[in-house]
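Heads up: the structure comes next, in structure tokens.
Numbering of ligands and ligand atoms starts at 1, following listing order.
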Amino acid sequence: MPKLAYLGPEGTFTEAAVRALAPDAERLPCANVGAALDAVRSGQADGAVVPLENSLEGGIIQTLDELAWGEPLLIIAEYLLPVEFSLLVRPGTELRQIKRVTTHPAAHTQCRGFIERELSGAVVIPASSTAAAAQEVANPESPYDAAISPAIAGEVYGLEEAASNIGDRNDTVTRFVRVAPPGHVPEPTGADRTSMVAFLKEDHAGALLEMLSEFAVRGVNLTRIESRPTGQGIGSYFFHFDAEGHVADARVGEALSGLHRICSDLRFLGSYPRADRVVTQIRPGTSDGDFSEATDWLTRIRSGRV
Ligand SMILES: O=C(O)C(=O)Cc1ccccc1
């Protein structure tokens, strides 16, 4: 039974993703995303589940930066979780009494409308997770009046639901990934995604276009592109890319080789089955057969067999 580290405590959205991805796994709740990933690096856990992106807010910065800068890890699976937020209070608290709210920053940004409309004047204080916020509010001595959390956290910590489904949109989805120590890449399925992080060799006009061209000319479609500061001054950025397909596909492999040539560093984060099972569309001239036929042709003309 694998042991999976995740953003705890019990009752987080991440825990729901762990239960869906690996129902039989032993769960190791951690205080933050970095600690969950470090548990894998140190061998304390066999893997970890972490949030990677949200359909409303984009990338989860802590996860993106940990995967880019920390000791390398491999993404081996993903899961799409629809997220629904509840306002949880100690039994008896009324909406008008709520002055101090606590939650995870990603939940705060997705519930801004409700907070402005229904809790105007309330301050929102960040918590390490939505369930940590609920656990804190459950303490009768807590300075906080309410937590924004999944409804399940209310059941776990004995809180009341003062309002449900309080997100600004009711179709928000968070993509979670399961990571493992570097090693075996999952087999291609035909409906895969490949993630990577690219660092520019030198900043120049068209540098991003050059990188994108490596994908475009081989018919590789991107599903996410995100720039993050390198920390080395204003204007210095590196890039996260998610592409359709698997590193075992010729067009994806060649795009990665091309990027490797023009980047100062290209970190492969993994090829894994897509949660939505959307099959990769192969553009004419970019199938594995097309690539190997072209390689054979080149070998022939190089050896004089025109
Ligand atoms: O705090 C949680 O419950 C998490 O799992 C992180 C998170 C927060 C908000 C939306 C999705 C994931």
Side-chain angles (χ1 to χ4, degrees), residues 4-23 25 27-40 45 47-67 75 77-89 101-115 119 124-138 142 144 146-159 161 163-179 224 226 275-276:
L4 294 184
Y6 71 99
L7 175 63
E10 193 185 344
T12 56
F13 288 114
T14 311
E15 186 187 286
V18 178
R19 287 176 183 273
L21 274 165
R27 290 186 297 276
L28 176 67
C30 296
N32 53 57
V33 165
L37 296 175
D38 280 344
V40 186
V49 175
V50 291
L52 189 93
E53 71 171 316
N54 183 279
S55 60
L56 197 57
E57 290 295 319
I60 310 281
I61 286 168
Q62 200 192 352
T63 306
L64 297 181
D65 287 353
E66 270 286 337
L67 292 177
I75 302 175
E78 66 172 21
Y79 182 72
L80 299 174
L81 181 79
V83 286
E84 232 176 72
F85 302 98
S86 295
L87 186 71
L88 303 177
V89 295
V101 180
T102 179
T103 191
H104 187 276
H108 179 196
T109 50
Q110 292 173 59
C111 299
R112 283 190 193 282
F114 176 88
I115 295 166
L119 304 174
V124 182
I125 296 100
S128 57
S129 74
T130 56
Q135 193 178 39
E136 163 63 37
V137 170
S142 173
Y144 305 115
I148 296 175
S149 316
I152 183 82
E155 291 169 31
V156 174
Y157 300 106
L159 295 174
E161 209 174 10
S164 59
N165 209 356
I166 64 169
D168 293 342
R169 291 183 63 122
N170 56 14
D171 55 357
T172 314
V173 173
T174 299
R175 183 160 76 100
F176 292 86
V177 290
R178 176 174 175 177
V179 303
R224 185 174 63 91
E226 212 129 22
D276 57 15

Partners passing salt bridge (charged side-chain N to carboxylate O under 4.0 Å, His left out) against [X] (at least two apart in sequence or in another chain):
X: R175; result: E53, E78, D242
X: E226; result: R224
X: R19; result: E15

Sub-3.5 Å pairs, protein N or O with ligand 1 N or O:
residue	atom	partner	partner atom	Å
ligand 1	1 (O)	T130	N	2.7
ligand 1	1 (O)	T130	OG1	3.3
ligand 1	3 (O)	F13	N	2.9
ligand 1	3 (O)	T130	OG1	2.5
ligand 1	5 (O)	T14	N	2.9
ligand 1	5 (O)	T14	OG1	2.5

Heavy-atom pair of closest approach, residues L7 and A31: CD1-O, 3.7 Å

Nearest non-hydrogen partners of L88 and A134, listed with the distance: CD1-CB, 4.2 Å

Pair V173-N54, side chain to side chain contact (heavy atoms under 4.5 Å, CB included): steps then yes or no: CA-CA 6 Å; V173 173; N54 183 279; over 6 Å; no

